[in-house]
Q: 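Mind having a look at this structure? Questions to follow.
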Amino acid sequence: MTDAPAAATADAVAAASADAYPRIVATLIRVTGDWTLAEDCAQEALTLALQRWPHEGVPGNPGGWLTTVARNRAIDVLRRASVERRKLAELAVLASTDPDPAPAEGDVVDDRLRLIFTCCHPALALEARVALTLRTIGGVPTADIARAFLVSESTMTRRLTRAKTKIADAGIPYRVPTGAALTERLPGVLAVLYLLFTHGYNADGRPAFADEAIRLARLLRQLMPGQGEVSALLALFLFQHSRRDARRDRRGNLLTLDRQDRRRWDHAAIAEGLRVLDGTPEDGPYALQARIAACHATADSADTTDWPAIATWYDRLAQVQPSPVIELNRAVAHGYAYGPAAGLALLSQARAGGALDDYPLAIAVEADLTARRGDHDQAAALFRQAAEVAPSEPERRALLDRAEESLRAAGPHRDRLRA
């Protein structure tokens, strides 16, 4: 039987930690310059809360309580260490702060933004940026991050340690860039959040990572309200994640967008995405992708999807952010807006450089357009070819199911030919 007080305490700690953890870590890193110390003290505060709150009750200001405990723990550690005078001076500043009152909003913004931009610094490898963001800002356990990246916990621990060491050794500044530097760095930060979301949204991903990406995007939008691409990225996440409960059938098989039960979509998330997207500029890559996603999210059915509008948005996206994958999606949009022949023509152009060779989605797109053109035998062969190189078992099964459907559709056609 579940212990109700213990469960309630755990919920209170989780809620307080989601808001307070990045604040605590960011402040302690700024003051002490020690990433490991900051994380350890924040974790110890959470552990102590789980031990004491069931008996003492949840404090009126849970975040302030956690901050006080983490700060005092950092003071104890630094006092026991033989630190230089500069650290002792910083310690005096740390000891004099009162975490119970709500800190000045400007200070909060500065600390959390510093942490986000430092974790996402371009001097670090992209995978290290994602892992460090999860661990330091999100408080995600190292073991969970390791599973997402298909490595052992010890390997991920070493990677995180190397990333922190590089920040210290390379003198990566713990600050938010300004002016032209901010314009240059922000896309890199958004790319980290996008990759984090993808790790949760993929067929074999961990949904909690998508949730974390949405939480961090909300935080970034709160801290940088004037950045349209930040709002657009959050809207894109909300539109995509709104379909999470409808993406599989009862057997766990993946369902394409046109086969999903739209009643199971999260319409509150869609409404939030529309509010967030409203008024954002239309010229950024995330803004364009969000408007494409909005077309899908607001269609009552697959048949009423505004494919010409989606094709137009993809035309603009291909100009702003040209890439083989965007050209692939553009071919899909034109295929549904103007017929399979138009889509296959654009697909041929997208494949011309060879970047999409053996890419399962490109093969699957050709299969789908070929089926819509009426050549079901060829479509079945292409779906099977795509299944052979699919990156996950759910995707492989879905492609093989499409191959079987194409063969069944080809059956009556063969009978008519023989007659």
Side-chain angles (χ1 to χ4, degrees), residues 120 122 124-130 183-203 205 209-210 213 217 227-237 239-241 256-257 277 280-297 307-338 340 342-369 382 385-386 389-392 395 399:
C120 299
L124 304 174
L126 184 56
E127 186 174 282
R129 288 179 241 168
V130 174
T183 303
E184 183 179 309
R185 286 275 306 282
L186 183 58
V189 173
L190 300 184
V192 169
L193 296 187
Y194 188 88
L195 185 57
L196 173 55
F197 180 83
T198 301
H199 272 295
Y201 191 73
N202 281 343
F209 285 9
Q227 295 291 338
E229 278 289 85
V230 175
S231 295
L233 183 65
L234 173 58
L236 176 60
F237 288 168
F239 293 140
Q240 298 281 58
H241 207 47
T256 52
L257 187 60
L277 187 60
T280 62
E282 296 181 353
D283 54 350
Y286 292 118
L288 293 170
Q289 291 179 67
R291 281 169 171 80
I292 291 167
C295 287
H296 289 297
W307 283 107
I310 293 174
T312 299
W313 290 123
Y314 267 119
D315 290 343
R316 292 181 59 179
L317 183 60
Q319 294 175 344
V320 171
Q321 193 179 52
S323 78
V325 172
I326 288 173
E327 291 293 348
L328 172 63
N329 289 323
R330 179 170 172 251
V332 173
H334 278 259
Y336 276 84
Y338 308 115
L344 287 167
L346 286 178
L347 177 61
S348 179
Q349 294 177 20
R351 283 176 147 175
L356 297 176
D357 289 351
D358 295 325
Y359 184 50
L361 286 181
I363 303 170
V365 166
E366 182 182 1
D368 181 69
L369 293 171
L382 287 166
Q385 181 184 343
V389 290
S392 71
E395 290 168 291
L399 290 166

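This is a predicted model, so every value here is computed, not measured. Just so you know, these numbers use all the heavy atoms, side chains as well, and skip hydrogens, waters and symmetry mates.
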Q: So, R129 side chain and L124 main chain: donor-acceptor pair closer than 3.5 Å or not?
A: yes
Q: Ignoring hydrogens and angles, tell me if any N or O in the side chain of Q321 forms a donor-acceptor pair with the backbone of P285 under 3.5 Å.
A: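 It does not hold such a pair.
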Q: Measure across I292 and L317 and return the closest heavy-atom pair with its distance rounded to 0.1 Å.
A: CD1-CD2, 4.3 Å
Q: Hey, is the main chain of L347 close enough, under 3.5 Å, to the side chain of E366 for a donor-acceptor pair?
A: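 Absent.
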Q: Return the orientation label for the Y201 and F197 ring planes: parallel under 30°, perpendicular over 60°, tilted otherwise.
A: parallel
Q: Determine the minimum heavy-atom distance between P340 and L369, stating which atoms define it.
A: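 Answer, listing the atom of P340 first, then L369: CB-O, 3.4 Å.
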Q: How far does CG of L277 sit from OG1 of T280, to the nearest 0.5 angstrom?
A: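 Output value for this atom pair is 4.0 Å.
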Q: Applying the side chain to side chain contact (heavy atoms under 4.5 Å, CB included) test to Y194, which of T198, V192, L196, L190 qualifies?
A: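 Exactly one candidate clears the test, T198.
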Q: Decide, yes or no, whether a salt bridge links E282 with R316 under the criterion of side-chain N to carboxylate O below 4.0 Å.
A: yes
Q: Could you tell me whether R330 and D315 have a side-chain N and a carboxylate O separated by less than 4.0 Å?
A: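 Looking at D315 together with R330, the answer is yes, because their closest N to O distance falls below 4.0 Å.
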Q: Using ring centroids (six-membered ring only for Trp), state whether F237 and H241 fall under 6.0 Å.
A: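 When the ring centroids of H241 and F237 are compared, they turn out to be at least 6.0 Å apart.
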Q: I'd like to check P360 versus E395 (side-chain heavy atoms, cut-off strictly below 4.5 Å). Are they in contact?
A: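 P360 does not reach E395 side chain to side chain.
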